[in-house]
Amino acid sequence: MVRDCLACAIAVVCSSAALSNAGAEPRAVIELFTSQGCSSCPPADKLLAQFASDPSLIPISLPIDYWDYLGWKDTLADPRNSARQRAYSHVRGDREVYTPQVVVNGSVHALGSDKEAIEAAIAQSRKNGMTLSLPVSMTMADGRVLVSVPGGREGLSAAEVWICGLLKSAAVAIGRGENRGKTITYSNVARRWVKLGTWTGKAETWSFPIHDFDDDGIEEAAVMVQGGTVDKPSAILGAGFATIH
């Protein structure tokens with residue numbers, strides 16, 4: 001299935017001992033654009049859950065809304081996810097917008113259900129020496145997450161710093177459309193994006209109140225430092241993940 005979507009920019013954080021986290025230096029941020037109304041998506045959703053067990057990966061599920069007209073309105077979809085997917089496509093210049101699609105490290109896309117293709121995309125994205133080259137820390141104090149980004153080495157350009165609140169798992173019983181009768185579990189579902197600021201190459205720390213995520217049932221967070229802008233996202237310079245509840 002295919003065609004449409006996205007704009008939001010990001011970048012990510014390595015977590016401290018104060019937070020429950022993957023504990024490994026990330027080698028890839030995997031963004032899966034998926035839909036409850038897409039019959040081709042369940043294998044990709046299952047694969048993303050498998051990736052979640054790999055401490056070197058930061059998998060994020062981004063449900064899109066452009067298949068809602070097919071008979072089932074996606075209960076987790078966010079039009080901003082669709083916009084982000086479109087933005088990636090525009091930057092690449094290939095107009096490849098479909099489900100299930102993954103974008104790896106903000107730069108290379110692959111079929112979301114093809115593990116070998118995703119691993120190849122990870123390898124390809126890492127050929128850019130700037131990708132995930134920026135270490136980031138994430139600590140918690142007094143109910144706030146403190147995100148620290150160090151000064152960058154020569155060649156790194158300004159980047160936007162985003163924190164993304166995630167649902168660890170969401171099981172959805174689908175009543176209509178192509179997946180009618182199925183109950184599908186979605187992992188690391190993006191529920192809220194908050195821009196912390198802009199990293200300009202100098203060491204800086206941002207503070208975010210964890211209770212701002214309470215109303216969304218958010219249990220995890222990814223922080224991403226991503227080149228470009230929301231409308232023109234590029235490579236992710238740093239990334240991390242933590243359990244916050």
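The first residue of the sequence shown is numbered 1, and numbering continues consecutively from there. Note that the structure is a prediction, hence the values are computed from the model and not measured.
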Hey, does the side chain of Asp45 reach the backbone of Ser187 with a donor-acceptor pair shorter than 3.5 angstrom? no

In plain terms, say whether Arg27 and Glu119 are close enough for a salt bridge, that is, a side-chain N and a carboxylate O under 4.0 Å apart. yes

Are the side chains of Ser148 and Val136 in contact, using a 4.5 Å heavy-atom criterion? no

For Phe51, check ring pair (Phe, Tyr, Trp, His ring centres under 6.0 Å) against everything at least two apart and list the hits. none

Does Ile118 form a side-chain contact (heavy atoms from CB on, under 4.5 Å) with Leu47? I'd like the steps, not just the answer. CA-CA 10 Å; Ile118 293 170; Leu47 180 58; 3.9 Å; yes

For residues Ile163 and Met140: do they belong to one hydrophobic cluster (side chain heavy atoms under 4.5 Å, members Ile, Leu, Val, Met, Phe, Trp, Tyr)? yes

Arg80 side chain to Trp193 main-chain N or O, any donor-acceptor pair under 3.5 Å? no

Nearest 0.5 angstrom please: Glu31 CD to Asn188 CG, how far? 12.0 Å

Tell me the closest heavy-atom pair linking Ser125 and Ser107, and the distance in Å. CB-OG, 3.6 Å

What residues form a side-chain contact (heavy atoms from CB on, under 4.5 Å) with Val172, not counting sequence neighbours? Gln36, Thr75, Leu76, Ile174, Tyr186

Here the gap from Ser169 atom OG to Glu219 atom CD, rounded to the nearest 0.5 Å, amounts to 8.0 Å

Flag the pair Val108 / Lys127 as yes when at least one side-chain heavy-atom distance between them is below 4.5 Å, and no otherwise. no

Ile60 with Val230, same ILVMFWY side-chain cluster at under 4.5 Å: yes

Shared ILVMFWY cluster between Trp162 and Val189, side chains joined below 4.5 angstrom? no

Does Val29 reach the side chain of Phe241, with side-chain heavy atoms less than 4.5 Å apart? no

Smallest separation among heavy atoms of Leu237 and Gly227, with atom names: CG-N, 4.3 Å

Sequence neighbours left out, what passes side-chain contact (heavy atoms from CB on, under 4.5 Å) with Ala28? Give chain and number order. Ile30, Leu57, Val104, Asn105, Ile122

Heavy-atom closest pair, residues Ala235 and Asn128: CB-ND2, 4.0 Å

Path from Ile64 to Ile184 over hydrophobic side-chain contacts below 4.5 Å: no

Check: Phe208 and Val147 side chains under 4.5 Å, non-hydrogen atoms: no

Using modelled atom types and a 3.5 Å cut-off, is there a donor and acceptor pairing between side-chain atoms of Trp67 and backbone atoms of Gly37? no

Do Phe213 and Leu167 share a hydrophobic cluster, counting only Ile, Leu, Val, Met, Phe, Trp and Tyr and linking them when any side-chain heavy atoms are less than 4.5 Å apart? no

Atom of Asp65, atom of Pro79 and distance for their closest heavy-atom approach: OD2-CB, 3.4 Å

For the NZ atom of Lys168 and the OG1 atom of Thr243, what is their distance to the nearest 0.5 Å? 6.0 Å

For Asp94, I'd like to know if atom CG has over 12 heavy atoms of other residues, nucleotides or ligands within 6.0 Å. yes

So, Ser89 side chain and Arg95 main chain: donor-acceptor pair closer than 3.5 Å or not? yes

Got a sec: does the NZ of Lys195 have more than 12 other heavy atoms crowding it under 6.0 Å? yes

Greater than 12 external heavy atoms within 6.0 Å of Lys73's NZ: no

If you count heavy atoms of other groups shown closer than 6.0 angstrom to CZ of Arg180, is the number above 12? no

Considering all heavy atoms, the nearest Thr99-Cys38 contact: OG1-SG, 3.4 Å

First locate atom CD1 of Ile58, then atom CD of Glu220, and finally report the distance between them rounded to the nearest 0.5 Å. 11.0 Å

Tell me whether Thr200 contacts the main-chain N or O of Ala158 through its side chain, where contact means a donor paired with an acceptor under 3.5 Å. no

For the OG1 atom of Thr34 and the CG atom of Leu62, what is their distance to the nearest 0.5 Å? 9.5 Å

With no hydrogens and no angle check, just 3.5 Å: does a side-chain donor-acceptor pair link Gln101 and Tyr88? no

So do the side chains of Leu134 and Pro150 get within less than 4.5 Å of each other, counting heavy atoms only? yes

Hey, does Val91 have a side-chain heavy atom less than 4.5 Å from the side chain of Pro233? yes

Using only atom types and a distance under 3.5 Å, with no angle test, would you say the side chain of Asp74 pairs donor to acceptor with the backbone of Ser35? no

With a 4.5 Å limit on heavy-atom distance, are the side chains of Asp78 and Arg191 in contact? no

Check Leu166 against Ala190 and note the closest heavy-atom contact, atom names and distance. CD2-CA, 3.7 Å

